[in-house]
Amino acid sequence: MTGARAPGAHVVPDAASTAFEALAEPVRRWIWRQGWTALREVQEMAVPAILAGGDVILSARTAAGKTEAAFLPLLTRVLPRLDGGRPGFAILYVCPLKALINDQHRRLEGLLQACDVPLHRWHGDVPADAKRKARERPQGVVLITPESLEATLVRRGPDAARLFGALDAVVVDELHAFVGTERGRQLQSLLTRVEVACGRDHVDRVGLSATLGDMRLAREALRPGAPDSVRLVESREGGADLLLQVRGYERPPRNGTGSEAADARREGAPDADGPERAEPVKPAPDANGADEPIASHLFEVLRGRRNLLFAGSRQRVEVYADRLRALAEDARLPNEFFAHHGNLARAEREAVETRLREDGRPTTAVATTTLELGIDIGDVESVAQIGPGPSVSSLRQRLGRSGRRPGMPSVLRIYVAEEAAGPTLHPADRLRLDLVQAVATVDLLLERWCEPPRVGGLHLSTLTHQVLALVAQTGGLRPDAAWRTLCGRGPFRNVSRDLFVELLRAIARPEAALVEMSPDGLLMLGPAGERLAEGHQFYAVFQTDEEYRVMVVGGKVLGTVPLDLTLAPGQTIIFNGRRWRIESLDARAKVVVVAPTKSALPPRFGGGWSGVHDAVAAAMRRCLSGTGMPAYLDAGARALLDQGRAAFLGYGLDGTCIVEVGRDCTVLPWVGAAKLETLALTLLARNLQATPYGHAVEVRGCSAGDLRAVLTDIAGSPPPDAGALAGLAAKPVREKYDGYLTDALLARSLAVERLEADAVPDVARRILEPGA
DNA sequence: GACCTGCTGCGGTGTG
């Protein structure tokens, strides 16, 4: 393991606390009773900033005390005003997870009691009776999800002014989880709608966040249109030392001829019923199993401790949880390895979280990104990861889960397996791009760089939803009033009046029927809009698919599996880290009943490849063209990097970005996913068979010379028309309400959100002359 | 070759 300085250096706070003196009497008394000797750095900094009023972002690592940093001064602000007895909540706290609301409720209960301020939980699992009582006597602090806030506005629009008219501030927790997403856009819109409904010009917003790559984007996210008015409180307290290792492994070559194996891999499951393929391609030995050397090393270093293992996909979570459990059984040890992902039942996941947080026994949670979020699991001793991971910011979140105790380092191990070299290995595989991506990601983390969220999208699906919600909330309004609330003052700033009218026309078409105009010029819900807005599934803006429940004989629900999965009685699956046989299946009730068994295969979940940021791709090229060997690589990883660099030079990639493979070409432009996708569409528009795959664009049936000629023409031409390129894309319907829009609107939104047409000539130039 | 998040109100019946 290699020591390296983690992002975040120690900062010594001022010894004398004027912040403490500024707090209200009951708040100070509560602090005394906690036995705190001093306020944490972020709290010292937050108190004067929040007492001064205005919008504020508090940024500090997990467990630095951000929640108290916000609530100590906010309570100080509201306490003098509570005696008047005016109805209405004083503080609205919004966060993305029900589990986090429950955590925060536990955490704030004592403080709020000491101040004699009511505290309400408000989400789908809270009994309707408690919510009714909070609605009847709105006072104090309410902890709510965006969806429950949406439901309140839609169902009780006329009540909004009474509930929220007296708000002193809104707290947005886990701000980074909202930036650039559909759900974040909905939340921004909700906060504007609350202000408008109450006739308020401005209600202070306080954003809490652990990881923020770009502070300007975070400020814009908290107050769209006025980022400069948002003050920033950034604490760097508590950065631990980092012990880091990247380990490399070679797995045995796949069966079948090289090209066949590569095709099968590229196109997913082998297709057995094609007449031209008499024998299906045999799956590789590891296709459904763990890499055995990785599993044994994990078992050796993780057992007996408290760890998180990020396995990369739900299927790999199941595979490794199952394999590590088996290794524990072989060693006659009690099991300490548990699966944790989004398809497991809440009770199963909570059992793992509770064991990590409260139980002294050694425990490793094998997880997807579920445990990156702010759920309280205490401190862990080490973090391990299989594969390069999706992004730098994700790696940073994972790292923050360990090394939280004073004097304890953060420990991170990354395991990368690449296919052993053989005559049939594809050039892209010879470059060892998984290992190179892991190195690039780690290097950028050590440089403290982090992907900025992708902002600036039109989000027309969510705008459609917000039009329906606003009409339902108000009972009908003039189109120009809707535009002013949602686009003029609200977050849909890049939607002009003309584009808004085009959207209204699209969703008013008879085949959509979401809205219609009343004779006196009011925007009303159409028949389909009424049905949507009345439904239980209306309040969330993100898309979800239907799934089967997995139930053990006797009735306990383990979790869910995708509906399109081919499941039949007699088949076996690995689920929740254990092996099961399917006993029966009820398609109407969507239930799979299972019983324990000895051997089984892991279930398949959906998914795809989302690619990397431009900066990661550029760092990958620097890594391959360099000669230095990072100190954090083990012998296996060093060998893989040597192989990748030899291949890089062998293909002449220091002087070109094109590798000719038989009658095809592989193009490696070292750019991120959006530029790669746009380049492929540009080539497609010129009648070349171009497909983005991984970090490359593959061009079928085209010589390097012909491809160069086309790229020379692209480099010398104006950028292609983004809308026309978007029209060629296969999947324009991506979000929940996209299906109601016209092709023209979908192409326009895709062009803005996913493509970078303006960059295409430059990308073509750099492919032709990489050194330039 | 990926991951995650969320959800109302009412009417019927049963119980103390």
Side-chain angles (χ1 to χ4, degrees), chain A residues 94-101 122-129 131-132 135 144-157 159 173-174 176-178 180-187 190 262 264-269 287 310-317 340-344 346 349 367-375 385-391 393-395 397-398 416-419 426 428-429 433-434 437 462 465 469 472 532-545 560 562 604-612 673 676 691-696 736:
Chain A
V94 191
C95 94
L97 297 177
K98 291 187 289 190
L100 204 52
I101 286 181
W122 193 314
H123 59 64
D125 297 344
V126 172
D129 192 46
K131 290 184 272 196
R132 188 179 47 79
R135 222 167 25 229
I144 198 167
T145 59
E147 288 74 17
S148 282
L149 182 55
E150 182 70 86
T152 305
L153 292 186
V154 167
R155 298 265 163 193
R156 317 206 162 252
D159 260 1
D173 203 353
E174 306 274 353
H176 61 274
F178 287 115
T181 67
E182 299 297 327
R183 212 172 168 209
R185 186 58 70 98
Q186 177 192 25
L187 175 56
L190 283 166
R265 187 159 23 116
R266 264 135 237 249
E267 284 149 27
F310 291 100
S313 70
R314 286 167 287 188
Q315 185 181 61
R316 276 215 298 252
V317 164
H340 193 286
H341 60 72
N343 281 71
L344 292 175
R346 185 161 301 278
R349 287 159 61 173
T368 57
T369 54
T370 38
L371 288 180
E372 276 178 28
L373 298 163
I375 297 167
Q385 171 177 303
I386 296 168
S391 65
S393 65
S394 164
L395 193 63
Q397 291 272 23
R398 294 172 181 189
V416 182
E418 298 270 9
E419 190 177 333
H426 189 274
D429 293 325
L433 293 180
D434 271 0
Q437 189 184 330
T462 298
H465 177 266
L532 277 183
E534 275 166 17
H536 172 246
Q537 294 174 354
F538 177 67
Y539 310 107
V541 292
F542 49 86
Q543 183 82 274
T544 46
D545 300 324
T560 57
R604 285 192 308 267
F605 298 95
W609 161 252
S610 75
V612 298
L676 216 55
T691 316
Y693 181 79
H695 300 279
K736 194 170 174 187

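Numbers restart at 1 for each chain; the letters A, B, ... are given by sequence-line order, proteins then strands.
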Are side-chain heavy atoms of A:Phe542 and A:Gln186 found at a separation under 4.5 Å?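 No, side chains not in contact.
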Would you mind reading off the distance between [X] atom [atom1] and [N] atom [atom2], rounded to a whole angstrom?
X        : N     : atom1 : atom2 : value
A:Asn343 : B:dC3 : CG    : P     : 9 Å
A:Ile386 : B:dG1 : CD1   : C1'   : 15 Å
A:Lys98  : B:dC4 : NZ    : C1'   : 13 Å
A:Arg316 : B:dA2 : CZ    : P     : 8 Å
A:Trp122 : B:dG6 : CH2   : P     : 17 Å
A:Glu419 : B:dG1 : CD    : C1'   : 14 Å
A:Gln385 : B:dG1 : CD    : P     : 18 Å
A:Leu371 : B:dC4 : CG    : P     : 10 Å

Heavy-atom closest pair, residues [X] and [Y]:
X        : Y        : answer
A:His123 : A:Lys131 : O-NZ, 3.0 Å
A:Val317 : A:His340 : CG1-N, 4.0 Å
A:Gly312 : A:Arg316 : CA-NH2, 4.1 Å

Quick one: which of [options] gets closest to the side chain of [X]?
X        : options             : value
A:Thr370 : B:dT8, B:dG1, B:dT5 : B:dT5
A:Tyr539 : B:dT8, B:dG6, B:dC4 : B:dT8
A:Arg314 : B:dA2, B:dG6, B:dC4 : B:dC4
A:Gln437 : B:dG1, B:dA2, B:dG6 : B:dG1
A:Tyr693 : B:dT5, B:dC3, B:dG1 : B:dG1
A:Arg349 : B:dT8, B:dT5, B:dG1 : B:dT5
A:Asp434 : B:dC3, B:dG1, B:dG6 : B:dG1
A:Arg346 : B:dG6, B:dC3, B:dG1 : B:dG6

Ring stacking, A:Phe542 with base of B:dT5, under 5.5 Å and under 30°?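 According to the criterion (under 5.5 Å, under 30°), yes, A:Phe542 stacks.
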[N], OP1 or OP2 - any side-chain N/O from [X] closer than 4.0 Å?
X        : N      : value
A:Arg155 : B:dC10 : no
A:Thr544 : B:dG6  : no
A:Ser610 : B:dG1  : no
A:Arg132 : B:dG9  : no
A:Lys131 : B:dT8  : yes

Of A:Thr152 and A:Leu97, whose nearest nucleotide on DNA chain B comes first from the 5' end?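 Result of the comparison: A:Leu97.
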With a non-hydrogen cut-off below 4.0 angstrom, is [X] in contact with a base, only sugar-phosphate, or nothing?
X        : answer
A:Arg398 : nothing
A:Gly694 : base
A:Gly312 : sugar-phosphate

Residues forming a side-chain contact (heavy atoms from CB on, under 4.5 Å) with A:Pro388, sequence neighbours excluded: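 Residues passing side-chain contact (heavy atoms from CB on, under 4.5 Å) with A:Pro388: A:Asp434, A:Gln437, A:Ala438.
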Among A:Arg185, A:Glu182, A:Arg183, A:Lys736, which residue meets the side chain to side chain donor-acceptor pair (under 3.5 Å) test with A:Thr462?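 The side chain to side chain donor-acceptor pair (under 3.5 Å) with A:Thr462 is passed solely by A:Glu182 among A:Arg185, A:Glu182, A:Arg183, A:Lys736.
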